[in-house]
Structure formats: C-alpha cells, structure tokens
**Q** 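This is the structure, below, for whatever I ask next.
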Amino acid sequence: MSEINIPSKYDPAQVEDKWYSFWMEQNFFRSTPDDREPYCIVIPPPNVTGMLHMGHMLNNTLQDVLIRRARMQGKNALWVPGTDHASIATEARVVNKLSEQGIKKTDLTREEFMTHAWEWKEKHGGIILEQLKKLGASCDWERTRFTMDQALSESVIKVFVDLFKKGKIYRGVRMVNWDPQALTAVSDEEVNHREVKSKLYYLKYQVEGADEFITIATTRPETILGDTAVCVHPEDERFSKFHGKRVLVPLINRSIPIIVDDYVDREFGTGALKITPAHDINDYELGLKHNLESIDIFNDNGTLNESAQVLVGEDRFKARELIVPELEKAGNLVKTEDYLNKVGYSERTNAVIEPKLSLQWFLKMKELSGPALEHVMNDTVHLQPSKFKNTYRHWMENVKDWCISRQLWWGQRIPAYFYGDGPNDYVVAESAEEALVLAQEKTGKKALTVADLNQDEDVLDTWFSSWLWPISVFDGIRYPQNEDINYYYPTNDLVTAPDILFFWVARMIIAGYEYRDEKPFNSVYLTGMVRDSKRRKMSKSLGNSPDPIELMKKYSADGVRVGMLLCAPAGNDLLFDEGLTEQGRNFSNKIWNAFRLIMSWEVDLKIEQPDHSARAGDWFEAKLNRAFKKVEDQFKKYRISDALMIVYKLFWDEFSSWYLETIKPAYEAPIDGITYQRTIGFIDQLLHMLHPFMPFITEEIWQLITERKTGESLMVSPMPAPENYNKKLIGQFEDLKEVVTNVRSIRKDKNIPPKELLELMIRTSENDNYQESLEPVIKKLANLSEVTQVSEDPGDSISFIVKNVEYFVPVGDMVNREEELVKLQSELEYTEGFLKSVQKKLSNERFVQNAPAQVVEKERQKMGDAEVKIGVLEAQIEKLRAQA
RNA sequence: GGGGUGUUAGCUCAGUUGGUUCAGAGCGCGUGCUUGACAGGCACGAGGUCACUGGUUCGAUUCCAGUACAUCCCA
C-alpha cells in the first residue's frame with residue numbers, strides 16, 4: 001500500500017470529474033427491465049430553461065441518495081431525468097428576448113413564434129441537467145424526457161380527448177387574472193399581492209321611489225358603473241327596512257335590487273356591499289348565487305367601454321380620478337377614508353391585475369379525485385411526513401374544477417376545432433383530420449373541409465402534461481402494456497416540495513388511478529423550502545441565493561450534499577447557511593485524513609495483536625452493525641438527515657476518536673496484521689454506508705484502499721446487511737468512555753500533561769458492572785501506567801463513580817478536599833432527590849397497580865441503584881471529612 | 001377571511017405510547033492543547049422552569065382546551 005502516493009490534501013475537483021466520467025463510461029446509471037426488483041424515481045422536471053438553485057440541490061441530492069442506496073442494495077435502480085416546458089415562464093422569457101431584439105409577439109404568427117421558442121429551448125434547455133451531473137446525480141440520461149417531446153405531447157392530447165369523451169371536460173366562464181398591459185390572462189402564481197395605501201369611498205345610493213339612501217363603501221368607485229346589486233346581511237337590523245327594495249346606481253340611475261346574503265361582513269364599511277359580478281371574484285360568486293347580471297365595463301386594455309355609459313374610453317385609473325368629483329357634484333359622495341388594501345400586480349408587467357370573466361376549459365375534479373383522496377388517507381400512497389395528510393384531505397374534499405386552458409402559445413394546443421360561431425360549434429379530436437370527420441357527422445355537412453375548422457387558440461396548463469409524468473416518461477399513455485411501464489410503474493418514491501402538493505402531486509395520483517388504475521408512487525417525500533438564514537425565501541430579486549455551481553467549486557459536491565442533508569428534515573424548511581457546506585467539506589477532510597493515517601501504517605505480520613486492539617475491534621464491529629441497523633430504520637422512515645447524522649457520528653466520534661485512537665501504533669511503529677486487516681474491513685463498510693451521501697470521496701478512497709479490478713466500483717458494490725451485534729459490549733464500552741473522560745477531566749483540572757502517566761485504582765464489588773477485559777483499552781486511552789483493583793479507598797486521590805464502581809486517581813497532595821466535598825455533596829443531593837421521587841412513585845398504590853409491570857420493575861431497579869450510590873457517596877464524604 | 005402546521009439549549013432540529021441514572025444531537029460558544037492523520041483538528045466544559053394560561057391525572061415538557069406568536073396553502 002505504502003508505494004501508492006497519497007496526496008496529503010484531498011482534491012475534489014479532479015476526483016469528482018474523474019469518477020463521474022468513469023461511472024458514465026461504465027454505464028452504471030443505465031437501467032432496463034430485468035428480473036431484479038425495480039426501484040424507480042422520476043425526477044420532478046425542472047423548467048427546461050431554468051438554472052439550478054438551492055431547492056434543486058436539496059431535492060436532487062435526496063433523490064440521488066435514495067437511488068444510490070437502492071442500487072447498492074441490489075435493486076434495479078432507475079432515476080428518470082427530464083424537463084418541463086413551463087409554458088408561462090418560458091413563453092415570458094422568449095417574449096422578453098424577442099422584445100430586446102425589437103420583435104413584438106403580436107407581430108408574429110403562432111408558427112413563427114413557436115420557431116423562436118424552440119430555438120430558445122434548444123439553446124438554453126437542458127443546462128440544468130448538465131448542472132445536476134456536477135452534483136453527482138446518477139440519472140439514466142438515455143431516458144431524458146421533455147414534456148413537449150412528441151410522445152409526451154401526443155399523450156397529453158390523447159388524455160384530453162379521452163376525458164372530453166368521458167364528459168369530464170367542459171367550457172365555462174370564469175374569472176381570470178387579466179393583465180391589461182400584456183393583454184393576457186396570467187395564472188394565480190404570477191400575481192404578486194402587495195399592500196397599498198388607498199382610499200375607501202363612502203357612496204350613497206338612492207332607494208327607488210323613496211327619499212332614502214343606502215350607503216356603501218368601496219375602494220373602486222369607477223366600478224359602480226357595473227354594479228348589479230347592493231347586498232346586506234340578512235340579520236343586520238339597520239337594513240331590514242330595505243329588504244326587497246331597489247336602488248339607483250349613482251350617475252347613471254340604473255335600477256338594481258337590494259339582496260341579502262350572510263356573506264356580508266357587517267363590521268366592514270357601512271355593512272352594505274355593492275356587487276359588481278364582472279369585476280370581482282367574490283361578487284361574481286354572489287352574482288351566480290343570486291342570478292345577477294354581469295356587466296363588463298372594461299375593454300381588454302383597461303379602458304372603460306360603452307357599457308359604463310359615462311367616462312367611456314378613459315383608462316380605469318383615470319376614470320377613478322374623474323368619477324369622484326362627479327359623484328361629489330351629484331351628492332352621492334359621503335366621505336373618504338384612508339385605507340390599506342391588498343392589490344394584485346402582474347409579475348411580468350407590474351400592471352394592476354384586473355379580474356375579468358372569460359371562457360375557459362375546465363376539468364371536472366370531484367369524481368376523478370375520489371380514489372386519490374382515499375388512497376392517500378389509507379396510506380396506499382404515503383406522504384412523508386404524514387402531517388401533510390390533513391392539508392391534502394382538506395384540499396381534496398373541497399376540490400374545485402381545474403381550469404386547464406392558458407392564453408399562451410408555448411405548450412400543447414387545445415385539440416378543439418370550431419366550425420361555427422356558436423358556443424357548441426366545435427368537436428374535440430386528436431388531429432384535424434379526425435376532427436373533420438366528427439364535424440361532418442355532427443353538422444351533417446359533408447362539404448366541410450379542414451380549412452373550415454379553426455383550432456382553439458389556447459394551450460393547456462403545463463400541469464396538464466406534468467400530471468402524466470410518471471406514466472408518460474414510460475410512454476404508458478400511448479402504449480399501456482409496454483415493457484417499461486409494466487416493470488417500473490408504480491414508481492417507488494417521489495421527492496418534491498410541499499408547495500406543489502396540489503398542483504402536481506395530487507394530480508399525478510389522480511391521473512395514476514384514472515389511467516393505470518394504480519398509484520403512481522408508493523411514497524412522497526416532501527422536502528422543506530430552502531430559505532436563507534433570515535428565513536427569507538431564496539430568490540433572484542433578493543440576491544440571497546448562492547450559485548450552487550460556485551458552492552460546489554468551493555466546498556466540493558460531496559461537501560454541499562452533506563451540508564444540505566444535515567439540516568433537511570422532511571417537511572421542515574431548511575435555513576441555508578454556507579457554514580453547513582463548510583461542515584460537509586470538513587467531514588470530507590476528516591474521512592480523507594483517517595484514510596491517510598491507515599495507509600501510513602506499516603504492517604508487521606510477526607507482531608501479535610495487542611489486547612486493546614482486539615477489544616476495540618470487537619466493540620467497533622458491534623457499533624458498526626448497530627449503525628447499519630439504525631440507518632436502515634431511519635431510511636424506512638425517510639429520515640435521511642438522521643441517517644446521515646448516524647454515519648457522521650459513527651465515522652467521526654466512534655471510528656476516528658475512539659477506535660483509531662485505540663489501535664494507533666506508536667510513532668513509526670508497525671501495526672499487526674490482524675488489526676490492520678480488520679480496520680481495512682471496517683473502512684470498507686463505512687465507505688459503503690457513506691457512499692449514497694458522498695459518492696465521490698468514497699469512490700476515490702475505496703479504489704485506493706486495496707487493489708481493484710478494472711471496472712469495479714463502490715457504487716455498484718453490494719451494501720452490507722446489518723448483522724446481530726453484541727449489545728452488552730457496546731454498553732460496557734460506553735462505561736469505559738466515561739471512565740476515560742473522567743480521567744482526562746482530572747488531568748485538565750489538575751493541569752497534568754497528557755503525556756504524564758497516571759495510575760487508576762478500581763474498587764469493585766461482587767454485583768457491579770466492572771469489565772476487567774476492557775482494562776487494556778482504558779490504559780491506552782487514558783495514558784495510564786497501571787490499573788489496579790483495591791478493596792479500600794486509597795486516599796490522596798480524586799474519585800469518581802461510573803455505574804456504581806468507584807475509581808480513584810492518586811494525585812498526591814493535589815487533592816483539594818473542599819472542592820471534592822462540594823462535588824460529592826451536590827451529587828449526593830441530586831441522587832437523594834432522585835431516590836425520593838422514585839420511592840414516592842413506588843409507594844403510590846395506583847402507580848404500582850396501573851403501570852405496566854416492566855415500568856414498575858424498572859423503577860425498583862432505579863431505587864436499588866440509587867441506594868447503593870448514596871451509600872458510596874456518603875462513605876466518601878465521611879472519609880474526606882475525617883481527613884480534614 | 002377559511003384551512004393546515006408549528007412554538008424544546010445562542011441557532012437548526014430530534015424526543016418523550018404521561019413517571020428525575022434520556023430532556024438529547026449537530027453547529028455555535030468557553031477553556032486548554034504545534035498530543036507526528038487531521039487547527040477544515042484534539043481534549044474538556046458551560047447552556048433549557050420543553051411559548052403562555054387553564055383542565056384531566058397520584059404525576060404533564062409529553063394528553064385536552066383556550067391565548068399569543070410564527071409559517072404555509074386556498075380565497
């Protein structure tokens with residue numbers, strides 16, 4: 001071994017590239033169906049033109065950990081990568097890019113625009129996948145999919161047509177967020193709500209045929225022109241006399257009814273509410289409920305139209321300015337107040353969003369979501385952590401129809417073909433040719449041609465393609481019985497953020513049951529959101545998101561992976577701090593140095609194995625197996641963070657600080673063969689355990705630690721299974737550690753240098769837990785010249801008690817009796833208090849009767865131990881006093 | 001406005017099927033170390049009436065209710 005030149009400094013940049021290329025060359029990431037058990041994850045497809053951010057880092061590190069572990073456990077592991085066309089975000093980027101070149105979207109035909117968009121996608125698409133490779137992601141890159149690939153788009157259209165035929169898809173009017181500047185509807189996610197200082201205007205409406213008035217409060221006085229009712233609370237006595245009457249809209253004197261509904265907040269404003277169904281979502285709902293007319297007073301660009309009757313052609317904000325003096329002049333303005341309200345702004349243009357009614361396509365969700373609700377509630381699909389089940393249930397029980405149309409071009413165009421102007425003059429088909437046949441049948445007009453058909457201008461919501469992802473990546477919509485889908489579906493785990501639990505996860509479950517009659521995955525691991533150390537979301541505009549690529553350059557991919565995982569318990573937000581990746585890097589360093597230490601030893605087969613090495617080896621073997629077991633348990637519970645922490649502590653504390661320190665030969669002295677071989681075996685197992693978390697450094701060391709055949713790799717080497725271990729030995733060693741720590745502590749108190757040998761005396765009794773066989777280890781670690789057993793307190797020594805065994809370190813005249821007394825007294829006090837509470841418990845009949853026998857027995861044991869300890873402490877105190 | 005989740009050491013989080021040898025981890029902090037693998041380190045140590053108020057109980061940080069605060073989703 002010693003011939004190999006091991007650099008004293010680990011060089012991650014060079015090592016990481018080397019092994020990633022090696023794994024790719026060896027085709028280790030590739031998976032095809034065979035007779036092994038499959039383990040499959042489909043990636044949550046990132047935006048095709050997106051860049052890697054910290055959320056991706058967390059998410060994909062977790063997926064890679066799961067995939068690598070499954071692969072080492074002998075499963076046929078497949079991680080399917082891919083990207084999402086993200087219609088809104090990508091189209092916005094393309095539009096921006098074009099406008100920089102002086103091209104307006106409105107000047108282009110749909111075909112021309114799409115050409116530009118595809119060019120953009122080819123140029124920028126997939127950068128993010130290249131970035132994932134730096135992280136070590138072991139995806140089967142040959143299976144990379146894109147939601148607008150031919151096969152996936154066809155699947156989307158097929159599903160649309162199918163759902164339409166099943167009567168699940170319909171067209172309807174709904175309120176959308178209209179951006180009057182961009183002249184398009186935007187999704188809820190693209191609306192930013194901000195608090196704005198505005199005014200609340202109190203306006204009085206004359207009651208028809210009476211000299212009475214009813215006063216309402218509004219922040220948008222210009223919309224009164226579209227009012228179709230005034231609403232009051234049915235139990236509000238102030239207004240009961242108005243029930244059934246009508247009022248006149250100020251300025252235009254249109255007669256509208258006064259209606260009652262308990263939706264009205266009696267405390268707000270005057271308690272009377274104006275209803276404008278065309279321009280407010282709540283008013284719209286009320287309008288539907290009470291059969292009110294909708295009067296849309298705005299043009300698409302935000303100016304008032306003919307329906308407004310006055311101020312026609314003025315912009316909505318100008319109209320607001322102008323209408324106030326008019327109302328004042330007409331005597332309708334009662335007063336104005338300052339008011340803070342929330343206004344929606346378009347993320348893209350920053351224009352104030354106008355709620356607007358428009359004709360959209362919907363998917364009926366009630367029936368479809370039934371199985372998806374049921375199978376999450378009964379844990380057929382596990383949510384991790386399960387606290388999300390409540391949120392999920394609430395959403396699914398109150399599910400609303402899904403608006404699946406978007407007024408965009410980048411995406412799958414809705415396959416509805418219009419042959420006339422009537423609301424039902426259309427057919428839905430997978431192609432124009434099929435549509436023609438249907439249209440001819442429906443109209444009876446054989447003369448119709450494809451040219452007479454106009455395809456719907458809208459595209460489908462991106463989620464309408466991503467909800468098929470676990471099926472469509474295997475082409476299971478078009479070919480439901482193909483080998484891949486039959487083998488890999490349902491997939492095993494899905495790793496994603498909770499904010500898309502409904503947008504994406506729930507809908508995939510729905511699609512799974514609808515199209516495969518089977519869940520899409522067994523478990524959903526919901527990660528937290530990555531935030532900065534001040535709990536703010538990572539965002540470009542705040543500039544608080546570090547560049548993951550730079551981070552990996554600085555701290556290594558392994559370091560960043562560890563940093564992310566250490567603080568990422570499922571479902572909890574992760575407060576990212578560069579210090580965490582530093583901790584990850586430091587851990588790499590620790591591993592590297594432990595490896596260097598072992599490699600530096602010269603083996604001498606002639607020397608016998610020292611007792612302390614043999615004992616430490618037995619102990620660490622037990623420790624290792626226990627850790628394997630614990631790690632397995634944590635993985636079962638999806639506690640990846642805790643699993644890593646177990647390995648982290650095993651390596652750093654147990655292996656490095658205790659085991660290696662015990663077996664370490666003196667400077668330049670050789671090591672015996674047995675200990676050396678055993679240690680190599682340990683490190684081999686540790687590397688297996690660590691590999692899913694830190695794939696690069698573990699591969700590097702594994703390749704160096706002993707000779708390997710060409711093409712051998714840790715990443716495909718079987719993960720050892722946990723074996724039974726000696727629990728008792730682990731407990732005894734814990735006592736030993738306490739003894740060693742006590743001795744070291746005495747050294748520190750008394751300023752005794754670590755190199756100076758000390759003596760240790762032990763007073764044992766018949767029934768104690770003292771383990772003589774571990775003496776050689778204590779001797780080595782505490783740097784003792786001698787360990788002797790005594791029957792009496794030797795005096796002039798500092799004593800301590802571990803598990804009812806008394807230990808004495810003779811320090812001659814360095815004993816400070818006062819200090820010792822104080823220490824012993826306080827320990828005695830605590831133990832007496834403890835004993836008292838145990839006795840109290842045991843003398844309580846109800847406790848003894850009701851508590852399980854085990855618990856009572858344990859309490860008795862505690863009482864006995866405490867009594868013994870008190871006896872020892874009292875004797876020591878007495879002795880000290882006598883000496884004083 | 002409706003719903004969900006949470007409030008345990010300076011920070012980020014575990015945990016307790018209700019009982020003082022389990023209130024714990026990592027980081028951070030303090031003290032001392034050029035201890036021949038590692039200062040990106042080693043050793044030792046300090047830190048918490050487990051948000052608040054009531055209730056159930058022999059006993060509550062753990063169960064229940066309310067309050068406050070935080071946070072997420074929907075509107």
Side-chain angles (χ1 to χ4, degrees), chain A residues 6 8-10 188 193 263 265 268 281-282 285 342 385 387-395 397-400 497-503 528-529 531 533 535 555 559 566-569 571-577 579-580 582-601 639 641-642 644-646 648-649 652 656-657 660-661 664 666-668 740-742 744-749 751 753-755 783 801-804 830-831 833-838 840-852 855-856 858-859 861-863 865-866 869:
Chain A
I6 301 204
S8 67
K9 200 97 182 157
Y10 173 60
D188 291 346
H193 292 272
Y263 163 79
D265 177 1
F268 182 79
I281 181 66
N282 297 312
E285 300 285 338
K342 273 192 181 169
K387 66 181 178 186
F388 285 108
K389 273 169 81 176
N390 288 335
T391 321
Y392 182 87
R393 182 180 54 208
H394 182 259
W395 193 77
E397 282 175 351
N398 297 288
V399 68
K400 297 214 173 85
D499 55 344
I500 52 174
L501 183 58
F502 311 125
F503 288 129
M529 303 274 291
R531 297 169 177 279
S533 50
R535 239 177 226 291
Y555 297 105
L566 277 176
C567 64
N572 274 328
D573 284 355
L574 181 161
L575 273 57
F576 183 79
D577 191 322
L580 297 165
E582 203 179 325
Q583 193 186 346
R585 182 201 57 183
N586 293 354
F587 186 39
S588 296
N589 190 244
K590 186 72 190 176
I591 296 169
W592 186 253
N593 281 305
F595 159 69
R596 277 178 56 223
L597 172 68
I598 296 165
M599 289 294 97
S600 73
W601 290 333
R639 299 171 64 134
S641 209
D642 301 73
L644 172 58
M645 188 45 72
I646 290 165
Y648 180 91
K649 284 194 281 190
W652 203 311
S656 300
S657 298
L660 290 180
E661 288 301 329
K664 192 156 106 179
Y667 179 56
E668 287 195 329
V740 172
T741 299
N742 268 295
R744 285 173 178 166
S745 193
I746 291 168
R747 271 185 200 280
K748 197 183 175 199
D749 280 352
N751 272 319
K755 279 182 177 169
N783 197 25
I801 300 173
V802 175
K803 284 278 162 68
N804 288 339
Y830 172 84
T831 313
F834 172 69
L835 178 66
K836 226 171 153 185
S837 82
V838 175
K840 194 177 147 201
K841 226 182 293 174
L842 283 169
S843 59
N844 181 337
E845 270 180 44
R846 293 179 68 168
F847 171 73
V848 179
Q849 277 168 10
N850 299 331
V855 176
V856 177
K858 206 174 151 195
E859 293 301 311
Q861 183 75 36
K862 283 182 192 175
M863 183 170 74
D865 288 351
K869 190 166 179 183

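Protein chains get the first letters and strands the later ones, always in sequence-line order, with residue 1 at the start of each. Remember, it's a predicted structure, so these values are computed and weren't measured experimentally.
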**Q** Return the nucleotide paired to B/U56: Watson-Crick means purine N1 to pyrimidine N3 with N6-O4 or O6-N4, wobble means G-U with N1-O2 and O6-N3, both under 3.5 Å.
**A**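 Check on B/U56: unpaired, no WC or wobble geometry under 3.5 Å.
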**Q** Give me the distance, rounded to whole Å, that separates B/C64 from B/G6 when you measure between the P atoms they each carry.
**A** 11 Å
**Q** Taking only the P atom of each, what is the distance from B/G40 to B/C27 in whole angstrom?
**A** 15 Å
**Q** Over how many whole Å does the gap from A/E397 atom CD to B/C74 atom P extend?
**A** 18 Å
**Q** Are A/W592 and A/F595 near enough that their ring centres are under 6.0 Å apart?
**A**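 Ring centroids of A/W592 and A/F595 are less than 6.0 Å from each other.
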**Q** Would you mind reading off the distance between A/N783 atom CG and B/C42 atom P, rounded to a whole angstrom?
**A**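 Result: 19 Å.
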**Q** Rounded to the Å, how far apart are A/R393 CZ and B/U5 P?
**A**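 These atoms are roughly 9 Å apart.
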**Q** Need to verify one output field. Residue with the more 5' nearest nucleotide on RNA chain B, A/Q583 or A/N282?
**A** A/Q583
**Q** What interatomic distance, in whole Å, is found between P of B/U5 and the corresponding atom of B/A65?
**A**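 Approximately 12 Å lies between the P atom of B/A65 and that of B/U5.
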**Q** I need the A/L644 CG to A/K649 NZ distance, nearest 0.5 Å.
**A**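 That separation rounds to 11.0 Å.
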**Q** My understanding is that only residues two or more places apart in sequence, or in another chain, count here; which of them pass side chain to side chain contact (heavy atoms under 4.5 Å, CB included) with A/N282?
**A**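 Once residues adjacent in sequence are excluded, the partners of A/N282 under the side chain to side chain contact (heavy atoms under 4.5 Å, CB included) criterion are A/Y263, A/D280.
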**Q** Looking at the base of B/A37, is there any donor atom on it, or on the side chain of A/E661, that sits under 3.5 Å from an acceptor on the other one?
**A** yes
**Q** Just call it for A/F595: base, sugar-phosphate, or nothing, with non-hydrogen atoms closer than 4.0 Å on any strand.
**A**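 The residue A/F595 makes no contact with any strand.
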**Q** A/K664 side chain N/O closer than 4.0 Å to the phosphate oxygens (OP1, OP2) of B/A37?
**A** yes
**Q** Does the side chain of A/R744 reach to within under 4.5 Å of the side chain of A/N783, using non-hydrogen atoms?
**A**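 The answer is no; the side chains never approach within 4.5 Å.
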**Q** Which part of the nucleic acid does A/K389 contact within heavy-atom distance under 4.0 Å: base, sugar-phosphate only, or nothing?
**A** nothing
**Q** Taking atom P in both B/C52 and B/U35, compute the distance separating them and give it to the nearest angstrom.
**A** 47 Å
**Q** Say we look at B/U56 and B/G15: how far apart would their C1' atoms be, to the nearest angstrom?
**A** 23 Å
**Q** For A/L501 and B/U5, what is the distance between atoms CG and P respectively, to the nearest whole Å?
**A**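 Atom-to-atom, A/L501 to B/U5, this comes out as 13 Å.
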**Q** Side-chain N or O of A/N586 less than 4.0 angstrom from OP1 or OP2 on B/G41?
**A** yes
**Q** Both A/Y648 and A/V740 contact RNA chain B. Taking the nearest nucleotide for each, which residue is further toward the 5' end?
**A**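 Closer to the 5' end of RNA chain B: A/Y648.
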**Q** What integer number of Å spans the P atoms of B/C63 and B/G45?
**A** 33 Å
**Q** What contact category does A/R585 fall into here, base, sugar-phosphate, or nothing, at under 4.0 angstrom with non-hydrogen atoms?
**A** base
**Q** Would you say A/T741 places a side-chain N or O within less than 4.0 Å of OP1 or OP2 belonging to B/C44?
**A**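 Yes, within the criterion.
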**Q** In the strands shown, is B/G18 matched to any nucleotide by a Watson-Crick or G-U wobble pair with both distances under 3.5 Å, and which?
**A**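 Here B/G18 is not engaged in any pair, so there is no nucleotide opposite it.
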**Q** Please pick, from B/G45, B/A37, B/U35, the nucleotide with the shortest atom-to-atom distance to any side-chain atom of A/K755.
**A**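 Out of B/G45, B/A37, B/U35, the nucleotide with an atom closest to A/K755's side chain is B/U35.
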**Q** Whole angstroms only, please: what is the CD1-C1' distance between A/I646 and B/G24?
**A** 14 Å
**Q** Let's test this: given Watson-Crick or G-U wobble pairing with both distances under 3.5 Å, identify the partner of B/C38.
**A**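 For B/C38, the partner nucleotide comes out as none, under the 3.5 Å rule.
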**Q** Flag the pair A/N589 / A/Y10 as yes when at least one side-chain heavy-atom distance between them is below 4.5 Å, and no otherwise.
**A**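 No, their side chains stay 4.5 Å or more apart.
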**Q** Tell me which nucleotide among B/A37, B/A25, B/G41 gets nearest to the side chain of A/W652.
**A**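 Looking only at side-chain atoms, A/W652 lies closest to B/G41.
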**Q** Base, sugar-phosphate or nothing for A/E582? Non-hydrogen atoms, less than 4.0 Å.
**A**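 Nothing, no heavy atom under 4.0 Å.
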**Q** May I ask you to say what A/N390 touches in the nucleic acid, namely base, sugar-phosphate or nothing, with a heavy-atom cut-off under 4.0 Å?
**A**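 Sugar-phosphate contact only.
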**Q** Using a 90° cut-off around 0 for syn, call B/G47 syn or anti.
**A**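 Base orientation: syn.
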**Q** Categorize A/R747 for me: base, sugar-phosphate, or nothing, with a 4.0 angstrom heavy-atom threshold over every strand shown.
**A**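 Nothing, no nucleic acid heavy atom in range.
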**Q** In whole angstroms, how far is the P atom of B/C38 from the CD1 atom of A/I6?
**A** 14 Å
**Q** Rounded to whole angstrom, note down the C1' distance from B/A51 over to B/U8.
**A** 10 Å
**Q** For B/G1, give its Watson-Crick or G-U wobble partner with both distances under 3.5 Å, or none.
**A** B/C74
**Q** Give A/S657 one of three labels, base, sugar-phosphate or nothing, depending on what nucleic acid heavy atoms sit under 4.0 Å from its own.
**A**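 Contact class for A/S657: sugar-phosphate only.
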**Q** Given that both distances must come in under 3.5 Å, which nucleotide forms a Watson-Crick or G-U wobble pair with B/U49?
**A** none
**Q** What is the distance, rounded to the nearest whole Å, between atom CG of A/D499 and atom C1' of B/U71?
**A** 13 Å
**Q** Please give me the minimum heavy-atom distance between A/R747 and A/P753, naming the atom from each residue.
**A**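 Taking every non-hydrogen atom into account, NH1-O, 2.9 Å.
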**Q** Can you name the atoms? Protein N/O to nucleotides 29-32 of chain B N/O, anything below 3.5 Å, with the distance.
**A**
| unit_1 | atom_1 | unit_2 | atom_2 | d |
| --- | --- | --- | --- | --- |
| B/U31 | O2 | A/K748 | NZ | 2.4 |

**Q** Could you tell me which residues satisfy side chain to side chain contact (heavy atoms under 4.5 Å, CB included) with A/L580, sequence neighbours excluded, listed by chain and number?
**A**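 A/L580 satisfies side chain to side chain contact (heavy atoms under 4.5 Å, CB included) with A/C567, A/D577, A/Q583 once adjacent residues are dropped.
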**Q** At what distance, to the nearest 0.5 angstrom, does CG of A/L566 lie from CE of A/M645?
**A**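 Rounded to the nearest 0.5 Å, the CG-CE separation comes out at 4.5 Å.
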**Q** Expressed as a whole number of angstroms, how long is the span from A/N593:CG to B/G36:C1'?
**A** 13 Å
**Q** Can you find a pair of side-chain heavy atoms, one from A/T391 and one from A/F502, that are under 4.5 Å apart?
**A**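 The answer is yes; the side chains approach within 4.5 Å.
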**Q** Mind checking the P distance from B/C50 to B/U20? Whole angstroms is fine.
**A** 13 Å
**Q** Classify the nucleic acid contact of A/Y392 as base, sugar-phosphate or nothing, counting any heavy atom under 4.0 Å across all strands shown.
**A** nothing
**Q** Classify A/S588 by what it touches in the nucleic acid, base, sugar-phosphate, or nothing, heavy-atom distance under 4.0 Å.
**A** nothing
**Q** Does a side-chain N or O of A/W592 approach OP1 or OP2 of B/G40 to a distance below 4.0 Å, or not?
**A** no
**Q** Look through every strand shown and name the nucleotide pairing with B/C27 as Watson-Crick or G-U wobble, where both distances are under 3.5 Å.
**A**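 Across any shown strand, B/C27 pairs with B/G10.
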**Q** Nearest 0.5 Å please: distance from the CZ atom of A/R596 over to the CD1 atom of A/I6.
**A** 8.5 Å
**Q** Working to the nearest 0.5 angstrom, can you tell me the gap between A/F503 CZ and A/W395 CH2?
**A**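 One gets 8.0 Å once the value is rounded to the nearest 0.5 Å.
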**Q** I want to verify a distance call: between B/C27, B/A75, B/C42, whose nearest atom is closest to the A/K400 side chain?
**A** B/A75
